[in-house]
Amino acid sequence: NTPTDESASPGTGTSLREALDLANAAPGKQTIGFSAPMTINLDSGLGALPEISSEVDIVANGTASVNGLALLDNYDCLRVSNGVVTLAGLELSHCYNGIQIISSGSASPKATVRDCFLHHNGQDGILVLNQPNQIIGPGNEASFNTAVGIVVYGAASSSFWIRGNYTHDNVEAGIVL
């Protein structure tokens, strides 16, 4: 991967934006990894990163930070709308929500979010809207978000797994179900 946020980066590696587009277009399970520690500063001119709408694992193991400072009022760092998805070891900050899990039409995602650091987002660290069967934790830290660290709205709260997360210093609350 490359730390630049671009839609085409000939000769410079694959950006996270490009990797998400490729993973969404490819059949079967895909993995996005990071070859070196990096901070990816999202470009407001390019808008939101592509929604995750296929089976993909994004595994950073603490090496990748996505900074949406230019996007704070408009876009989520990552949005999951379909597929079986694992997000692990990412730092997501200064976006509208760090991660939003929401359906796209009749599709229903199943996400596992673990070992992520979600902080200083304009609303929530993790926001789940009407999506059952999600796994949040262990090892997530949600802190200093303007609203809630981890929030689950709707039917999702009846069949949900939240365990081993650390929430602190969020303006409204740590966890809301």
Side-chain angles (χ1 to χ4, degrees), residues 1-105 107-129 131 134-142 145 150:
N1 281 42
T2 177
T4 58
D5 179 26
E6 48 197 15
S7 53
S9 55
T12 62
T14 304
S15 72
L16 179 57
R17 185 175 300 277
E18 290 173 301
L20 288 170
D21 281 336
L22 291 169
N24 284 335
K29 186 121 181 126
Q30 304 297 311
T31 300
I32 298 173
F34 298 87
S35 58
M38 65 181 65
T39 297
I40 302 163
N41 293 305
L42 299 180
D43 181 342
S44 63
L46 296 174
L49 288 170
E51 284 189 12
I52 300 169
S53 60
S54 64
E55 294 191 29
V56 63
D57 292 342
I58 302 177
V59 182
N61 296 322
T63 62
S65 174
V66 176
N67 183 339
L69 191 56
L71 308 177
L72 183 61
D73 294 328
N74 300 309
Y75 302 108
D76 301 321
C77 283
L78 292 173
R79 180 178 282 204
V80 179
S81 63
N82 193 11
V84 177
V85 176
T86 298
L87 304 173
L90 293 161
E91 178 182 0
L92 304 170
S93 68
H94 298 97
C95 293
Y96 189 69
N97 294 297
I99 298 169
Q100 184 175 154
I101 302 170
I102 187 169
S103 67
S104 178
S108 188
K110 184 173 188 325
T112 299
V113 181
R114 61 177 172 78
D115 301 318
C116 290
F117 181 30
L118 307 116
H119 64 95
H120 293 96
N121 290 295
Q123 284 295 303
D124 305 313
I126 300 172
L127 171 62
V128 181
L129 296 173
Q131 296 304 308
Q134 309 304 316
I135 300 172
I136 307 299
N140 296 307
E141 179 180 345
N145 295 293
I150 299 170

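In this text the structure is predicted, and so the values were computed from the model without any measurement.
- Counting heavy atoms from C-beta outward, D115 and N61 have side chains that stay 4.5 Å or more apart.
- Separating the CD1 atom in I136 from the CD1 atom in I101 is a distance of 4.5 Å, to the nearest 0.5 Å.
- A pairwise comparison of heavy atoms in C95 and G68 identifies SG-CA, 3.6 Å as the closest pair.
- D124 places none of its side-chain heavy atoms less than 4.5 Å from the side chain of N145.
- A distance of 12.0 Å separates CG of N121 from CD of Q100, quoted to the nearest 0.5 Å.
- Two residues are said to be in side-chain contact when any heavy atoms from C-beta on lie closer than 4.5 Å; I40 and F34 meet this criterion.
- The structure places CG of D21 at 10.5 Å from OG of S54, a figure rounded to the nearest 0.5 Å.
- Contact check for N24 versus P50: side-chain heavy atoms found under the 4.5 Å cut-off.
- When each of I126, V59, V80 is tested with L87 by the rule side chain to side chain contact (heavy atoms under 4.5 Å, CB included), just one qualifies, namely V80.
- Rounding to the nearest 0.5 Å gives a distance of 8.0 Å between OG1 of T112 and CD of Q134.
- The distance from the OG1 atom of T39 to the CG atom of N67 is 7.5 Å, given to the nearest 0.5 Å.
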(request) Would you please test T86 and D57 for side-chain hydrogen bond (donor to acceptor under 3.5 Å, both in side chains) and show each step? (result) CA-CA 5 Å; T86 298; D57 292 342; 3.3 Å; yes
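- Contact detail for R17 and G47: the closest heavy-atom pair is NH2-O, 3.1 Å.
- Closest approach of L92 and G98 over heavy atoms only: CD1-O, 3.7 Å.
- Here the side chain of Q131 pairs no donor or acceptor atom with the backbone of V128 at under 3.5 angstrom.
- Between H119 and H94, the ring planes lie perpendicular to each other; the angle is over 60°, past the 30° to 60° tilted range.
- Applying the salt bridge (Lys or Arg N to Asp or Glu O under 4.0 Å) criterion to R79, with sequence neighbours excluded, gives E51, D76.
- Contact detail for A19 and T14: the closest heavy-atom pair is N-CG2, 3.7 Å.
- Between the CG atom in N97 and the CG atom in L118 there is a gap of 10.0 Å [rounded to 0.5 Å].
- Scanning all heavy atoms of the two residues, the minimum distance from P109 to S103 falls at CD-CA, 4.1 Å.
- Counting heavy atoms from C-beta on, the side chains of L20 and I58 come closer than 4.5 Å.
- Of all non-hydrogen atoms in C77 and V66, the two that sit nearest each other are SG-O, 4.2 Å.
- Put simply, the side chain of E91 does not reach to within 4.5 Å of the side chain of C116, judged on heavy atoms.
- Within the 4.5 Å cutoff, the side chain of N140 has heavy atoms near those of the V113 side chain.
- At distances below 3.5 Å, not a single donor-acceptor pair connects side-chain atoms of K29 with backbone N or O atoms of V85.
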